[in-house]
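Reminder, nothing fancy here: chain letters follow the sequence lines and each chain counts from 1.
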Number of protein chains: 2
Amino acid sequence: MTSASVRVPARQQSIRASNLALAYRLVLDAPTPVSRAALAAATGMTRATAGALADALLAAGLVAEVAPPPASSAGRPATGLVPASTGWAGLGLEVNVDHLAACVVDLTGAVRHQVSIEGDQRGRGPGPVLADLAELANRAAADLAATGLHVAGAAVAVPGLVRSTSGRVLRAPNLDWQDVDVVADLTPRLPVTPLAPAVGNEADYAALAELAADRGLRDFLYVSGEIGVGAGVVFDRRLFTGSRGWAGEIGHVTVEPGGDACRCGARGCLETVAGLDALRAPTPDAAVRAGAGLGRAIAAAVNLYDLDTVVLGGAYAGRPDLEESVRAALTEHVVSAGWAPVAVRRSGLGGTAAAVGAATSVVHGIHADPAAWEARA
Amino acid sequence: MTSASVRVPARQQSIRASNLALAYRLVLDAPTPVSRAALAAATGMTRATAGALADALLAAGLVAEVAPPPASSAGRPATGLVPASTGWAGLGLEVNVDHLAACVVDLTGAVRHQVSIEGDQRGRGPGPVLADLAELANRAAADLAATGLHVAGAAVAVPGLVRSTSGRVLRAPNLDWQDVDVVADLTPRLPVTPLAPAVGNEADYAALAELAADRGLRDFLYVSGEIGVGAGVVFDRRLFTGSRGWAGEIGHVTVEPGGDACRCGARGCLETVAGLDALRAPTPDAAVRAGAGLGRAIAAAVNLYDLDTVVLGGAYAGRPDLEESVRAALTEHVVSAGWAPVAVRRSGLGGTAAAVGAATSVVHGIHADPAAWEARA
DNA sequence: AGGTATTTGTATTGCCAATGAACTTATGAA
DNA sequence: TTCATAAGTTCATTGGCAATACAAATACCT
């Protein structure tokens with residue numbers, strides 16, 4: 001999930017790969033079927049080129065042809081192209097404090113399968129948890145065969161910090177995990193034979209799910225309120241992960257200087273006032289402190305990142321009062337709010353958004369580089 | 001300075017432009033002269049291709065050939081390529097609260113000319129200030145002719161928020177500017193005939209200057225302590241500006257909830273405890289509050305952005321005590337600090353870093369797209 | 001019903017930039 | 001002086017797109 005600038009020269013295939021991705025992107029983003037001619041018109045390619053690329057996408061099984069519409073005007077009717085709803089699909093897995101989840105998303109972005117099991121995962125240790133997760137994954141893959149879908153890859157969402165290069169979970173404090181090699185543990189047990197699963201942060205993947213659910217989103221902050229508080233940042237419809245993949249650690253932004261001690265060793269972290277444990281506390285001012293703290297932390301993030309939208313997810317999704325606090329804080333603290341107001345809303349996705357986002361991230365990988373998937377059709 | 005994803009198909013020239021930039025980049029980054037063969041070896045291109053690209057760069061006046069070294073081993077000696085020190089140069093301009101500055105940076109990144117005038121610019125109004133700035137720019141350009149340099153473009157650093165698409169300064173509170181069209185005012189008065197100047201934030205440009213001065217930097221936060229407090233964020237050696245160019249507004253991150261009133265209308269902003277006015281205040285705890293506040297705000301930025309280096313600039317550059325406070329705060333508050341410590345240091349550049357950075361940004365534009373400058377050789 | 005206009009999609013040719021192999025140039029070492 | 005080695009150049013080949021011409025399928029007009 002990090003960007004590495006490689007020094008490889010562009011070849012002729014680079015340009016084809018790039019144009020194939022461009023054509024595919026247009027088909028994916030269009031609300032209605034796209035003709036080869038429309039593809040050419042939208043990009044500036046000739047119809048010949050657009051046609052060749054369309055044929056390649058068809059041959060790769062990444063798009064499908066649909067019958068032409070009733071034909072409104074003169075001229076030969078266009079055969080439309082739409083994202084394929086069979087073929088490759090992404091497998092998303094989620095480990096969370098109180099549940100495990102698996103889901104499958106196809107190339108259209110539709111969730112085709114979803115299973116989850118409730119249950120506290122704290123203190124069970126990574127081994128048994130990942131074994132259960134693998135079983136969930138295999139059950140999902142088995143159900144899939146009948147639908148004409150094949151798992152192209154898998155991604156695992158974890159509530160913690162991950163070394164993105166290796167897929168090693170450095171710390172997941174709320175699971176009591178430390179330095180867990182999820183990839184090594186999971187790879188042999190998954191239904192995706194050749195490819196190791198990607199491992200990423202739960203909030204990052206949930207942000208991707210949010211992005212997929214709302215085509216209008218472009219640049220936003222997704223804040224996930226669970227036992228811990230994390231955030232995913234999306235810019236230009238792409239996940240922003242920082243240089244090492246640890247961006248969005250909003251949970252330990254100081255919102256009450258000298259405040260309560262946090263598990264991380266510092267004082268006054270957002271997590272101490274707006275984590276689930278604090279939200280559930282019986283003290284009368286808990287909601288007020290959570291709202292104010294969350295507002296200040298999110299305002300800091302918006303000032304630093306320059307975003308125009310905030311989505312509240314996880315436990316925050318059910319708290320309109322927090323939405324109001326955040327909105328008020330943003331109006332007060334964000335410099336540009338005067339002439340460019342920041343939109344705030346609660347997520348409409350359920351508790352397994354991260355699993356959906358993880359599956360979506362696999363699909364995004366295919367969307368971004370269709371040329372790599374031509375051979376495997 | 002913002003990224004717009006355009007839907008233009010790749011053509012054959014795209015690949016040439018890309019490879020030309022790749023070759024140029026290698027020449028620019030190499031500590032010693034680079035041969036055509038080394039270029040080929042480093043990129044994987046054939047010697048034929050590398051040679052053709054090298055010739056193109058030479059013809060465009062972007063690189064120069066140097067005599068081969070004393071020849072250590074067998075074989076035909078290599079003719080080295082180095083960045084050209086004549087030809088195109090970038091003009092950087094800076095408007096600040098207490099000075100105006102202009103400077104010229106050549107393609108090697110060297111500062112070839114620098115002038116500044118001290119004097120309080122507050123309350124003078126944009127017109128007279130920009131007139132003085134234009135005079136400074138013209139003086140710089142006139143001195144330039146003798147050195148074989150030509151101004152390729154100009155960039156203006158301003159302590160405020162800029163609409164990057166239009167170059168309009170939305171707000172520069174410490175200059176008392178509001179909605180000033182710097183581009184329209186400056187363009188006809190500048191020595192760069194066809195091109196309108198870019199306009200950007202002072203801290204962003206200063207960060208670029210820091211980047212140019214230290215080849216080891218890749219991902220860092222540059223914090224500029226002036227009357228206002230701003231920050232520039234650099235990822236993968238590229239400026240991160242957010243979707244609208246307003247990223248890095250650290251000055252209004254809340255560090256003392258319910259604290260002193262800020263000019264922006266909120267309370268407890270970083271600027272109220274660590275802006276220049278607060279630093280100069282005679283109260284005994286001013287330094288302590290500034291250090292603690294700055295530390296908390298920077299820790300928030302590092303947690304949110306995932307950075308491994310912080311550079312303190314502007315007035316902070318002369319304050320070792322603040323450096324210590326920041327270091328302590330990062331150790332306490334940054335989640336990943338335990339296993340990936342964050343480096344903190346003070347900038348070695350002077351008060352006109354932003355002007356240098358602005359000029360550098362123009363040069364970066366040429367570095368990034370040499371093909372666009374082939375015709376104008 | 002038949003011709004024309006219009007639009008979609010396909011086939012052919014030419015161009016551009018990179019590749020690969022052969023060739024030339026310039027040096028050190030035997 | 002000759003050979004080995006490495007740098008740089010030349011030339012035919014290849015992959016991909018542009019441009020153009022052509023075939024196919026429909027609506028509209030008479």
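Taking only side-chain nitrogens and oxygens, R11(A) never comes nearer than 4.0 Å to OP1 or OP2 of dA17(C). Taking only side-chain nitrogens and oxygens, R36(B) never comes nearer than 4.0 Å to OP1 or OP2 of dA6(D). The shortest distance between the side-chain N/O atoms of R16(B) and the OP1/OP2 oxygens of dA18(C) is not below 4.0 Å. OP1 or OP2 of dC17(D) has not a single side-chain nitrogen or oxygen of T46(A) nearer than 4.0 Å.
Taking the nucleotide of DNA chain C with the nearest heavy atom to each of G80(A) and M45(B), the more 5' of the two is matched to G80(A). Two residues, T79(B) and A17(A), neighbour DNA chain D, and the one matched to the more 5' nucleotide by heavy-atom proximity is T79(B). With the nearest nucleotide of DNA chain D identified for both S73(B) and N19(A), S73(B) has the one nearer the 5' end.
Comment: R215(A) engages D29(A) in a salt bridge, judged by a side-chain N to carboxylate O separation of less than 4.0 angstrom.
Checking dT26(D), dA7(D), dA18(C) against every side-chain atom of L53(B), the shortest atom distance belongs to dA18(C). Closest contact between the side chain of A78(A) and the listed nucleotides dA18(C), dG9(C), dG8(D) involves dG9(C).
Counting to the nearest Å, the P atom of dT19(C) and the CD atom of Q12(A) are 7 Å from each other. Here dA18(C) presents its C1' atom at 13 Å from CG of L22(B), a figure rounded to the nearest Å. Following rounding to the nearest Å, I15(B) (CD1) and dT19(C) (C1') show an atom-to-atom distance of 11 Å. Atom CG of D55(A) is separated from atom P of dA11(C) by 9 Å (rounded to the nearest Å). Atoms CD (Q13(B)) and C1' (dA18(C)) sit 15 Å apart, rounded to a whole Å. One interatomic measurement links the two molecules: CG of L39(B) to P of dA6(D), which rounds to 19 Å at whole-angstrom precision.
Between the side chain of R47(B) and the base of dG8(D) there is at least one donor-acceptor pair of N/O atoms closer than 3.5 Å. One donor-acceptor pair, N or O on each side, does fall under 3.5 Å between the base of dT8(C) and the side chain of R76(A).
Residue E65(B) places its CD atom among more than 12 non-hydrogen atoms of other residues, nucleotides or ligands, all under 6.0 Å distant.
Between F235(A) and F240(A), the ring planes are perpendicular. Angles over 60° get that label, and only those under 30° would be called parallel.
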*In sequence, state the C-alpha distance, the side-chain angles, and the governing distance for D55(B) and R36(B), and then conclude on salt bridge (Lys or Arg N to Asp or Glu O under 4.0 Å).*
CA-CA 9 Å; D55(B) 290 345; R36(B) 290 163 170 78; 2.9 Å; yes
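Across all strands, A37(B) comes closer than 4.0 Å only to sugar-phosphate atoms, never to a base (heavy-atom distances). At the heavy-atom level, S35(A) lies under 4.0 Å from the strands shown only through sugar-phosphate atoms.
Here the side chains of Y24(A) and D369(A) are not in contact, with every heavy-atom distance at 4.5 Å or above.
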